[in-house]
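So you know, we letter chains A, B, ... as the sequences are listed, proteins then strands, and number each from 1.
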There are 2 protein chains.
Amino acid sequence: MNGSSMNIGQAARVSGLSPKMIRYYEELGLVPKARRFVSGHRLYTSVDVQTLQVIKQARDLGFPIERIKKLLRLWQNRQRPSRRVKEVVDAHVRELEERIVRMHAMKRQLEALAQDCLGDDSPDCPILAGLQQYGRHGPEV
Amino acid sequence: MNGSSMNIGQAARVSGLSPKMIRYYEELGLVPKARRFVSGHRLYTSVDVQTLQVIKQARDLGFPIERIKKLLRLWQNRQRPSRRVKEVVDAHVRELEERIVRMHAMKRQLEALAQDCLGDDSPDCPILAGLQQYGRHGPEV
DNA sequence: GCTTGACCTTCCCACGGTGGGAAGCATTAG
DNA sequence: CTAATGCTTCCCACCGTGGGAAGGTCAAGC
């Protein structure tokens, strides 16, 4: 094994992924099927590892696998219009925003509920009352 | 079937859950095993439905099932100290906050990357460059 | 009555990602 | 040579939800 040819464990350490994830990404077609040593062990070159690092970065930025697939295709295509890249990223940013907004709304509601709860030994609790009262979904029963 | 005794479909409509979810929650022990009609169909009273509505509210506020279990136990226990309720809610609020912070950091980084991308027909793209450059995890290769 | 359609039952499978672990080779260090 | 890692493939788990098959039941219309 020379300096730029490594097995899955090494590739994992260098990329910050786990061997399990790398095999899984290969199975999904996110990375091409790895070449093998004669022993059958997967062989990674520095080029492969660079791809894995990009995947790791994208995962850390919250991209779902399918979008990373698109990003990788663009990354590897020297004729890509940067417009396409930006579209993918913008879509992801919008989804992040939506999720943030939704979670922030939850947080706000919960804080409003918790505000009036004394949090002592008494059983009276506006939080529980609120859970019963909020947002009816069907006809009253 | 009288006014306060209904089947799972009705209970679903009134609570805003789906029949599948109701069965799943029963399987998890979130709600007790439903009584049955002679036919074998599940039977729900207005009390059962109230529980389902509380669950729906809690799910909408982002509580994971296990925490809802705790909340329900407190809700049904008239001797609960409201402190316990507040603890559960506060823990959830903290987790929401953490997730919001993490997602906001992702969004910020992505916006920084996208800012300098022209988004035109040219293949030059600082986003892709950034994905390669950011955060190395192992020794350089 | 009998048929039809909507609903119920249980059962298994899928998703997205990740981890755990078993059984069987390969490699490496001592 | 042996012992410990580490690799391979395989299956199972998580969380929460949806889809759908195969079969039983209800309520309406004729």
Side-chain angles (χ1 to χ4, degrees), chain A residues 1-2 5-31 33-44 48 52 55-72 92 95-96 99 102-103 106 137-138, chain B residues 1-2 5-31 33-44 48 52 55-72 92 95-96 99 102-103 106 137-138:
Chain A
M1 195 184 306
N2 67 42
S5 153
M6 53 181 94
N7 65 26
I8 200 170
Q10 244 115 22
R13 277 186 286 278
V14 173
S15 64
L17 298 166
S18 72
K20 286 249 178 189
M21 291 185 214
I22 297 178
R23 292 190 200 102
Y24 179 59
Y25 295 160
E26 174 179 322
E27 195 187 341
L28 294 186
L30 199 53
V31 293
K33 295 204 171 193
R35 283 187 292 282
R36 303 293 183 121
F37 289 99
V38 271
S39 63
H41 293 190
R42 285 175 181 77
L43 183 159
Y44 296 88
D48 300 326
L52 292 173
I55 293 173
K56 164 70 173 164
Q57 288 313 310
R59 285 299 294 141
D60 284 353
L61 288 169
F63 285 94
I65 304 283
E66 273 310 307
R67 251 203 265 271
I68 297 181
K69 235 182 226 177
K70 282 190 193 175
L71 281 177
L72 284 177
H92 182 50
E95 286 184 17
L96 282 176
R99 285 156 63 190
R102 265 185 278 124
M103 293 178 45
M106 293 177 185
H137 290 273
Chain B
M1 195 184 306
N2 67 40
S5 154
M6 53 180 94
N7 65 25
I8 201 172
Q10 243 114 23
R13 277 184 287 277
V14 174
S15 64
L17 298 167
S18 72
K20 287 248 175 188
M21 291 186 214
I22 296 177
R23 292 191 199 101
Y24 179 59
Y25 295 159
E26 175 180 321
E27 195 188 341
L28 294 186
L30 199 52
V31 293
K33 294 204 173 197
R35 282 187 293 283
R36 303 291 183 123
F37 289 99
V38 270
S39 63
H41 292 189
R42 286 174 180 77
L43 182 159
Y44 296 88
D48 300 325
L52 292 174
I55 293 173
K56 164 69 174 164
Q57 288 313 311
R59 284 299 293 142
D60 283 354
L61 288 169
F63 284 95
I65 303 285
E66 272 312 305
R67 252 203 265 270
I68 296 181
K69 234 182 225 173
K70 283 191 192 172
L71 281 178
L72 284 178
H92 182 49
E95 287 185 15
L96 282 175
R99 285 156 64 189
R102 264 185 280 124
M103 293 178 44
M106 292 177 186
H137 290 273

Item to complete: Write down the distance between CD1 (A:Ile55) and C1' (C:dT18), rounded to a whole number of angstrom.
Response: 15 Å
Worksheet item: Separation of B:Met21 atom CE from D:dG19 atom P, in whole Å?
Response: 10 Å
Worksheet item: Are A:Asp60 and B:Met106 close enough that some pair of their side-chain heavy atoms sits under 4.5 Å apart?
Response: no
Practice prompt. Could you pull out the closest heavy-atom pair between B:Ile65 and B:Leu28, with the gap in Å?
Written response: CG2-CD1, 3.7 Å
Discussion item. Can you work out whether B:Glu66 or B:Val38 has the more 5'-proximal nearest nucleotide on DNA chain D?
Written reply: B:Glu66
Worksheet item: How close or far is atom C1' of D:dC15 from atom CZ of B:Arg99, stated in whole angstroms?
Response: 12 Å
Worksheet item: With the sugar-phosphate defined as primed atoms, P, OP1 and OP2, and the base as all remaining atoms, what B/S/- string results for nucleotides 7-14 of chain C, 5' to 3', for protein heavy atoms under 4.0 Å?
Response: -SBB----
Practice prompt. Kindly indicate whether the side chain of B:Arg35, heavy atoms from C-beta on, has any atom under 4.5 Å from the side chain of B:Asp48.
Written response: yes
Worksheet entry | Rounded interatomic separation in angstrom, taking CZ from A:Phe37 and C1' from C:dA26 | 12 Å
Discussion item. Assess whether a salt bridge exists between B:Arg23 and B:Glu26, defined as any Lys/Arg side-chain N lying under 4.0 Å from an Asp/Glu carboxylate O.
Written reply: no
Worksheet item: Just how far, in rounded Å, is P of D:dG16 from CG of B:Leu28?
Response: 8 Å
Worksheet item: Does A:Tyr25 make a side-chain N or O approach to OP1 or OP2 of C:dG17 shorter than 4.0 Å?
Response: no
Worksheet item: Separation of A:Ile22 atom CD1 from C:dG19 atom P, in whole Å?
Response: 11 Å
Response to the item:
Note: for A:Ser39 and A:Tyr24 on DNA chain C, the residue whose nearest nucleotide lies more 5' is A:Tyr24
Item to complete: Salt-bridge test for A:Glu95 and A:Arg67: reply yes if a basic N is under 4.0 Å from a carboxylate O, no otherwise.
Response: yes
Fill in: Test item: B:Leu43 and B:Asn7 side chains (from C-beta on) under 4.5 Å apart, heavy atoms
no
